[in-house]
Every structure is written in structure tokens, then in C-alpha cells.
Trainee: 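Starting off with a structure, shown below.
In what follows, chains are A, B, ... by sequence order, proteins preceding strands, each numbered from 1.
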Protein chains: 2
Amino acid sequence: MLSTAGFAGIAALIGDPARATMLALLLDGRALTASELAAAAGITPQTASAHLARLTEAGLLAMERQGRHRYHRLASAAVAQMLESIMAVAAGQVAVAPVRPRTGPRDAAMRLLRSCYDHLAGQVAVALADRLAARGQIELSPDGGALTEAGRGFFAEMGLALPEARGGRLICRPCLDWSERRPHLAGRLGTALCGFCLEQGWMRRVGDSRAITVTPLGWQALHQRFALSPQDF
Amino acid sequence: MLSTAGFAGIAALIGDPARATMLALLLDGRALTASELAAAAGITPQTASAHLARLTEAGLLAMERQGRHRYHRLASAAVAQMLESIMAVAAGQVAVAPVRPRTGPRDAAMRLLRSCYDHLAGQVAVALADRLAARGQIELSPDGGALTEAGRGFFAEMGLALPEARGGRLICRPCLDWSERRPHLAGRLGTALCGFCLEQGWMRRVGDSRAITVTPLGWQALHQRFALSPQDF
DNA sequence: GGGATGCTACGGCGCCGGTCGAAGCATGAC
DNA sequence: GTCATGCTTCGACCGGCGCCGTAGCATCCC
């Protein structure tokens, strides 16, 4: 077959626990240094260096040098989507397993709200998508989605600049959440909405994790715009 | 992190060349026996048996016994989509590599038209999607897609029964083609269209490969309905 | 029944690759 | 200049896993 070799090679790269941890850490779209990634994966810098070189060589990561630091990030959205789809399958088989692994408070924050490459994921993100769908502002299915005229007006009134897609239609790609197992907003609309929430000060990244917190101003806005309150979660 | 362990485990399973070959072979959605898969992967039946047991255990494959045969197939569409997304990334890095691996006639047939789990892929499939988009019968983007009113009428006139999605909208998920690097029709519409072409005798599966050929009747229909001719490829 | 076929369980061999220690280069701080 | 920091390269160790041979179990044919 044409691409079986490269196919298995890519998967094998992701298959190593240390590399998988680093890739998962980069899934929020930010760029991290080799040292940070090494510490996160629990390996020495020299080992991480070899891993990062292979990942970059394979086209999964992109690297840019800045002074004596070298920042590594995911090479493309296609890579992020691949990682997400693997996580979705992995989460599915966890659900089959009888043992539900103990989840600490850090995981709780991650499950509530987090960044997913360039958009929002977690309970809040799923709830947002649900509200929009219930109001007929978007239409979602496992296979695709669309923004309705009502939705277009809603976002315009909110002050969110909506990029146009070919054909005059805005696109929202559903992204299967590994914790919720429900689709949420990705695509151009998901990216725009995520950026808007951060710019407006509604949400803030937490430390060096993928977790995101909603600010008091954010809860006010979510309540007003989406009828969502903290006690809903 | 919650799912890093299982995440790497899934990828490691796909990372082995023998298992990757078997999974790629099952990507057309059919169920094959352990012996067939062993022969395709170039390993002995006992080795294949161990591989298949692990893949089934992990929830990637489903197995059903029928007499003294045991048929293995992909466990879900989520698994198929995961494999496709990995192939898309793998194909992308091949394009970066300067060496274009030699492709035989079998690969040529695969590139022209093949099945992709439950829908069509390859040059013909991409051309079909292009025609529909150019006529305004569907709207495609890397993130999602939708069937327009014009498209709904077109398929109804053709005699294709269209399943309804929630919200009254039909969904066509774009699926990035590993050979063409362009989106083609997946989702409910893609599945329905693939089944329709096979039922009408427009296309036929070739042997035990994923390749699909267009019958003379099929070329006639493709010319009439989509203005596509064999010399277009 | 006897024999053939499809598949699986067990044991041992061999090797790929992940790991770290030590050393070598860069870049920046002073 | 001298030193410190961040990262990479090299060499060697070794654990894990893919592989097959042999044997055992289930199913079908005659």
C-alpha cells in the first residue's frame, strides 16, 4: 500500500508515553521549550531532545528558536485534530472499562473548561454549544454544523467579528469532547468565540495547564448572553 | 492527566506495522478473517491472532464468530475517522519528503476511486464533491459542510433517499483525502451516496481491495448527472 | 467416528528503541 | 574574557515486545 509505512510510523511516534504526554501538553496550541516539556514528561532534557527532533522531523511539531530557547508547538491544525480523534477513541474505551480512575481537583478544572488547540472544550463549552443549538442559532450533528441566520445576528449583536467562509456560510466544526463525549464548537466559529472570550476578559488561562477559568465578568456575560450560571455545573 | 496513558496506548497499538496494515485493510468497513489479515500483513496466523486480540481488547476492533471463522471489523466510525486523520497527517509529511515513492498500477486504481469505511474517496470522489459545490448543491469547507435546497432537490430527483438529521438539515462531513489532500463527501450524505452508487450498479468493489471501479453504466450516469467522464482523470 | 481447517495459548529467541551519563556547542549574562 | 544556561550529540545499557514453533481447542466435512 502507498502510505502504510508512514501511517504506522506516525502512530508509533505518538505511541510512546513520553512523547504522548508532550503532544497532549501542546494541544492547547501554545509553544513550550524543550525543558518544560522534559519536566512534564518526567524525562531528562537529552531524552526529550531526541524525542522532539523525531517529532519535528516527522512533521508533527514545528520549532522556532528565540535566543537560547527553542519553542516547540504543534505543526498544524490537522495534527491537533488527529490527536483529538485519538483521545476520543481512548476516552471511549475508558468508559467501557469498569474502573473509573480517580480524578483529582486539577482534572475537575480541566473537565469544566479548557482550551483545545484553538477553541474551547469541557462542560462549559458543551453547554454553550447546547444553548446555541437549542435556540436555533447553530445546527450541530456528529458530522458537521452550520450557523443559522439567527445565530449570525446573535454574534453580530454581541460584537464578535465573524470570518466569512466560501459560499457565504460560516462553519462550525463539531469536536468530540474526550471528557463529555458530546460535540462542542470548533472550526472558525469555535476559534473566533474562544479568542473573543479571552479578549473580553471573560476567561483566563490557568498557569501552564490547558485549564481555563471563567472570571466574574465572564460569568456575568455567560448568564446574560447564554443563561449559564456557575451552579449549572 | 486523565487519559494520557490510554491515549499513548491506542497510538502504540496502531504504531506497529503489522497491526497498521491490518487496520488499513479494514478501513473499507468490511469484516475479514484472521487468516486473511495475517496474509495481508505478512505474518503467521498465531502472531496475527495475538495482535487481533489486543486490538479487540482495546476497543478498536469488533469480532463476531461465524462457524469456525472469526470476522474482524472496525469497532466504530470513530475509529475509522481516527485512522483517516492519522493517514491525512502521514500523507502530508510524505508530500514534504522529496522522494516520491514509486506507485504501481494497483495504487493508481486506489487513488482513482476507493471506499473509505462507509463512503467514497479518491479522485472521482473529490471531483464529485467539487461538482456539487460548484453548482451550489452543497457547501464545503475544511471544517464542515451542508446540503443546500438546490442539492436536496437534485438528490431527490436522482432517486436517492436522504436521511433527515436533527434540525431538518442533512449533513455532509468533509473527509480529508490522503491521496488528494482535498475534502470529499463523508457523513450521512457520503454514506447514502456510496450505497446508492453500488446499489444502482454504477460502481463495484474490486476483489478484496479497497479499490472501486466505475461500470460503463456508472460512467454514463456520472456523465449525465455530474458531467464527469473517464478522460477527466 | 477420523481427518482437515481455522484459530488460539504458551515459551523462548532476538532486536529495536527508550533511557541516562558524559561531553560538546551554542547563546546570553556579567 | 569567564561563567552559566539551554540544548544537542554520542555511547552504552537493558527492558519490552514482536516474532515464530509447537501444541491444544473448536468447528466443519465425509
Side-chain angles (χ1 to χ4, degrees), chain A residues 1 4-26 30-73 75 208, chain B residues 4-26 30-73 75 90 208:
Chain A
M1 179 144 335
T4 297
F7 171 57
I10 296 291
L13 281 177
I14 310 170
D16 177 74
R19 287 192 293 259
T21 302
M22 294 191 284
L23 289 171
L25 209 66
L26 292 169
R30 280 181 303 181
L32 300 177
T33 67
S35 304
E36 292 170 317
L37 290 168
I43 54 180
T44 59
Q46 59 268 29
T47 303
S49 177
H51 285 315
L52 292 170
R54 294 185 58 183
L55 290 171
T56 303
E57 165 84 10
L60 297 187
L61 294 184
M63 190 261 287
E64 45 191 305
R65 45 215 327 160
Q66 206 165 47
R68 59 179 160 181
H69 296 277
R70 282 152 197 224
Y71 288 95
H72 299 266
R73 59 175 174 80
D208 53 357
Chain B
T4 298
F7 171 57
I10 296 291
L13 281 178
I14 311 170
D16 177 74
R19 286 193 293 259
T21 303
M22 296 191 281
L23 288 171
L25 208 66
L26 292 170
R30 280 182 303 182
L32 300 177
T33 67
S35 304
E36 292 171 318
L37 291 168
I43 54 180
T44 59
Q46 57 268 35
T47 303
S49 177
H51 284 314
L52 293 171
R54 293 184 59 184
L55 290 171
T56 303
E57 165 84 10
L60 296 187
L61 295 185
M63 189 260 287
E64 45 190 303
R65 44 209 338 155
Q66 205 165 44
R68 59 179 162 184
H69 296 279
R70 279 149 200 228
Y71 287 94
H72 300 264
R73 59 175 174 79
D208 52 358

Trainee: Could you give the CD1-to-P distance, from A:Ile43 to D:dG15, as a whole number of Å?
Mentor: 19 Å
Trainee: DNA chain C: A:Ala12 or B:Glu36, which has the more 5' nearest nucleotide?
Mentor: B:Glu36
Trainee: For the pair made of CG in A:Leu37 and P in D:dG6, what is the distance, rounded to whole Å?
Mentor: 14 Å
Trainee: Report the distance from atom CD1 of B:Ile43 to atom CG of B:Asp16, rounding to the nearest 0.5 Å.
Mentor: 7.5 Å
Trainee: State whether the side chain of B:Ser49 and the backbone N or O of B:Pro45 hold a donor-acceptor pair below 3.5 Å, judged by distance alone.
Mentor: no
Trainee: If I take atom NE2 in residue A:His72 and atom P in nucleotide D:dG6, what distance separates them, rounded to the nearest angstrom?
Mentor: 14 Å
Trainee: With rounding to the nearest 0.5 angstrom, report the CZ to CD distance, B:Arg54 to B:Glu57.
Mentor: 10.0 Å
Trainee: Within the sub-3.5 Å range, which N or O atoms of nucleotides 23-30 of chain D have a protein N or O partner, and how far apart are they?
Mentor:
none

Trainee: What's the separation between atom CZ in B:Phe7 and atom CD1 in A:Ile14, rounded to the nearest 0.5 Å?
Mentor: 6.0 Å
Trainee: Of all the nucleotides listed (C:dT19, C:dT8, D:dC20), which has the minimum atom distance to the side chain of A:Asp16?
Mentor: C:dT19
Trainee: Check each of A:Leu13, A:Leu55, A:Leu37 against A:Leu61 using the side chain to side chain contact (heavy atoms under 4.5 Å, CB included) test, and report the only one that passes.
Mentor: A:Leu55
Trainee: Could you report the tightest heavy-atom contact between B:Met63 and B:His72, atom names first, then the distance?
Mentor: CG-CE1, 3.5 Å
Trainee: Can you list, by residue number, the residues of residues 47-55 of chain B that have a non-hydrogen atom closer than 4.0 angstrom to DNA chain D?
Mentor: B:Thr47, B:His51, B:Arg54
Trainee: Which atom names give the shortest non-hydrogen contact between B:Ala48 and B:Ala38, and what distance separates them?
Mentor: CB-CB, 3.6 Å
Trainee: Could you pull out the closest heavy-atom pair between B:Ala12 and B:Arg19, with the gap in Å?
Mentor: O-NH2, 3.4 Å
Trainee: Mind calculating the distance between CZ (A:Arg19) and C1' (C:dG18) to the nearest angstrom?
Mentor: 8 Å
Trainee: In whole angstrom, what separates B:Glu57's CD from C:dT8's C1'?
Mentor: 15 Å
